[in-house]
Every structure is written in C-alpha cells, then in structure tokens.
There are 2 protein chains.
Amino acid sequence: MSLPHAILTALLEKPSSGLELARRFDRSIGYFWSATHQQIYRELGRLEEKALIRALPSDRPAQGKRKEYEVLPAGRAELTAWVARREDPKQIRDPLLLRMRAAAVVGTAGLEAELERHLELHRRQLAEYEDIERRDFGEEPADEPDRLRHLVLQAGIDQETFWIGWLTKALAGLRTT
Amino acid sequence: MSLPHAILTALLEKPSSGLELARRFDRSIGYFWSATHQQIYRELGRLEEKALIRALPSDRPAQGKRKEYEVLPAGRAELTAWVARREDPKQIRDPLLLRMRAAAVVGTAGLEAELERHLELHRRQLAEYEDIERRDFGEEPADEPDRLRHLVLQAGIDQETFWIGWLTKALAGLRTT
DNA sequence: ATTCACATGTAAATCGTTACATGATTAC
DNA sequence: GTAATCATGTAACGATTTACATGTGAAT
C-alpha cells in the first residue's frame, strides 16, 4: 500500500496534475517507486474521494482538461502516520537470480551475455545517480530534509554498487568454467 | 513472467506435488522468488494445460489427493530459452526508501525505530544465509551447478550486507539531527 | 480546418494476497 | 469413528500492466 503515500509525498513536494506526477514518477521519486499514469489517475481519484487531496479550483472543469491537485491536512496526517508504521521488508524477488538458478539445471547458454548487459545497465544507472548527487548535494552543509533525500539517493548508489560488484564476480565465476 | 519458470526450475531439481513446491518456495528458491500455494496451484494448472509439465500417473486420481508433477521436454526447452532471454532489471521499488523521502517532508517521527527494526531483520537474514553457505558450500571444489547456486546465495549475502551498511549510515545520519 | 501534442480516462488481462471450502489420510 | 493434518482447490479483491478511447488547446 505504498502508491497513495508516494503520491501524497510527491504532491506535498509540489502540487501537480496527473501527467506531471507521471513524469516525476519516471525520475526522482520514480527511482525507487515507479508508477504508470493509469495507476496514478486511479489513485488520485481514490485520494480525492477519501478527502486526503483536492483538485484546485478551475474556472471551467472538463474532461481532458488539466487538473491540479494539492494535499489536504488529512492527507498530511495520513502520511505522517505512515512514516512511523511497522512494515516488514519484502522478500527479494529477482528474475536474474532466478535465471541463474535455472541455469544451474539447464545450462548457462546465453547467460553470460545477459549478465554483461545488466552490468552495463547498472553502470549507467550508477553514473546517473552520481550526476544527481553532484548536482543536488554538492556543497555541504545541508538542512535535514536534504540530508534525508541524500540518504535515499545514497541507497540507490549503494544498491547499484552492489549489483556491479556481484555481476563482476558472477561473470568471473562463469568464465572459470 | 517468472513464476512459471521458477516452478519449472524447482520441478527439474526434484519432481514434487503442489504443497511440496509451496514449502520449497518458503526457503531455497523462495529466498529470491516467493509464491503462495494458490499461485503455485494456479500456475501448475496452466503449465499442465500447455503441456510443459505433467502429473505423474496415479492409480486413483481424486481431488484432495496428492498429485506429483514432472517437467516434460517442452518445459525444459522453454526454461532453456528463458535463461538466454533479454529482460531488463526492474526499477527498485522499496517502501522504506519511500518512507524516508516522505519523512523529508512531514518529519522523521517514528522512523528511527523502524530503521532499527529493519536493521535487526536484515542481520538475521544475513546470519541465515551464512549458515546455509557453511552447510551447503563449505568445502571446495564444487561442480558447475553448485558454483552457480553458490553465486546466487552470494547475491543474497551481498544484498543483506548492503542493507546493513546503508541502514547503519542512515541511523547515524538521523541521530546527527 | 486539420493535425499534433497534451491530458485524462476506460477496459481487459494477469498477478498477488487473503479467506475459505473440500476431499484424503493418519493417529488415536 | 472422530479429530487432526495433509493436500488441492475456489472465490474474491486489489494491484499492476498494456492497449485503447476521448477530449482540449495550440500550431499551421
């Protein structure tokens, strides 16, 4: 149940229309919580119905017309409560690891190329994160919100670093065959 | 579309009934691809219909009766093809990182306790993986399938290590406030 | 006027989760 | 024979994904 909270966070950072949100879910917040525009529109409808957000008044509302939303106090309260809620980490669920396990049974044909491809993709993602880090968190010191956002970005960086390290190990292991 | 392939892999490792599979998806394969018994039964039905697996002959088939499945050649071929298939890594989707980002907007109340709880959970998971490593991959050298399975386990270990490191950093950062 | 990009939305299929129902087997 | 457990399965719902439909506004 994280999508509504992702949307509340995004709207608190900046009131937006559905499509703007969809675009921000392709970068920024989307780096650790992706969503399509359909998910977003549906969820906006639900959040509005529950009175956690509202559409900003428009002179002439119509379908196909831009609609901007903002968070109501009840929405901020819900998000505040969610931050402190207990929620266990989910099990890892990774198709690549599964494929490696399958390869142990049916052979590794074609796997090496996939690992190399993934390695390259993770290298690119890491470079992108590091660009963002330089751009947004270059100079110290920062206030608390910025330090928290930096920590989140750091998690992305660390995660990509883990993948690059593991894929390198795995490729070395495969080639020793 | 990984669940059918997870099941094919599990069945190739050892022909099993639905419930046995469900149990193995709580450990072993389940460490990186979890599934409930309902998902498994539904998928077993589909795989049987597509003639990728078959139920082993039983003297008196009946509902509520144990039914063991094995992989047919077509199933093995499908799995072999899947190992080499191009499939991009999925975007990270992590509620905890999202909560951290939300905390940058609405405050960190209650977050520290959650981070500590997660840290403890990841430490436990790491210990479990390391037990498995000692038990199953203690002595070298190993054949190729075992080296591949070891690499998969290593990914789990590295991933937990990443989390422990990041959570430690994050807690230190939070407390500097 | 027509076209194109913007913006919102509907529909359908699959996946994932939770609750529940039912038959078979075993232990007592 | 009754209860407990094993095993398979149905049903319902929400989340996710993909494809498509519709209306608006700006450019030519």
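To find a chain, count down the sequence lines: A is the first, B the second, and so on, and within it residues start at 1.
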Atom CD of Gln39(B) and atom P of dA12(D) are separated, to the nearest Å, by 19 Å
Checking dT8(D), dT8(C), dC15(C) against the side chain of Arg66(A) (C-beta onward), the nearest is dT8(C)
message = For a side chain to side chain donor-acceptor pair (under 3.5 Å) check, start with the C-alpha distance between Glu78(A) and His5(A), then their side-chain angles and the critical distance, and finish with the verdict.
response = CA-CA 8 Å; Glu78(A) 167 55 32; His5(A) 302 103; 2.8 Å; yes
Rounded to whole Å, CG of Leu56(A) lies from P of dT8(C) at a distance of 12 Å
Out of dG16(C), dT8(D), dA11(D), minimum distance to the side chain of His37(B) belongs to dT8(D)
From CG of Asp26(B) across to P of dT17(C) the rounded distance in Å is 12 Å
Rounded to whole Å, CD1 of Ile7(B) lies from P of dT8(D) at a distance of 12 Å
Query - Ion pair check, Glu116(B) and Arg86(A), cut-off under 4.0 Å - result: no
Of Leu19(B) and Lys90(B), the one whose closest nucleotide on DNA chain D sits nearer the 5' end is Leu19(B)
In whole angstroms, the gap separating C1' of dT8(D) from CD of Glu20(B) amounts to 13 Å
Handout entry: Phosphate-side-chain proximity, Ser17(B) and dT8(D), N/O vs OP1/OP2 below 4.0 Å
Key = yes
Quick note, Arg42(B) side chain, CB onward, closest among dT17(C), dT8(C), dT8(D) is dT17(C)
Kindly say whether Arg76(A) contributes a backbone atom to a donor-acceptor pair with the side chain of Thr80(A) at under 3.5 angstrom?
yes
Side-chain atoms of Arg93(A) come closest, of dT8(C), dG9(D), dG16(C), to dG16(C)
When rounded to whole Å, the CD to C1' distance for the pair Glu43(B) and dT8(D) reads 16 Å
side-chain contact (heavy atoms from CB on, under 4.5 Å) with Ile7(B): of Leu44(B), Leu12(B), Ile29(B), only one passes, and it is Leu44(B)
Checking dC20(D), dG16(C), dA19(C) against the side chain of Gln38(B) (C-beta onward), the nearest is dA19(C)
note: Asp88(A), atom CG; dT17(C), atom P; distance rounded to Å ~ 14 Å
note: Arg24(A), atom CZ; dA7(C), atom P; distance rounded to Å ~ 14 Å
Is a side-chain N or O of Arg147(B) found less than 3.5 angstrom from the main chain of Gly173(A), in a donor-acceptor match? yes
Report yes if at least one side-chain N or O of Tyr41(B) is closer than 4.0 Å to OP1 or OP2 of dG9(D); otherwise report no. no
Side-chain contact check for Lys65(B): nearest option of dT8(D), dC6(C), dT25(C) is dT25(C)
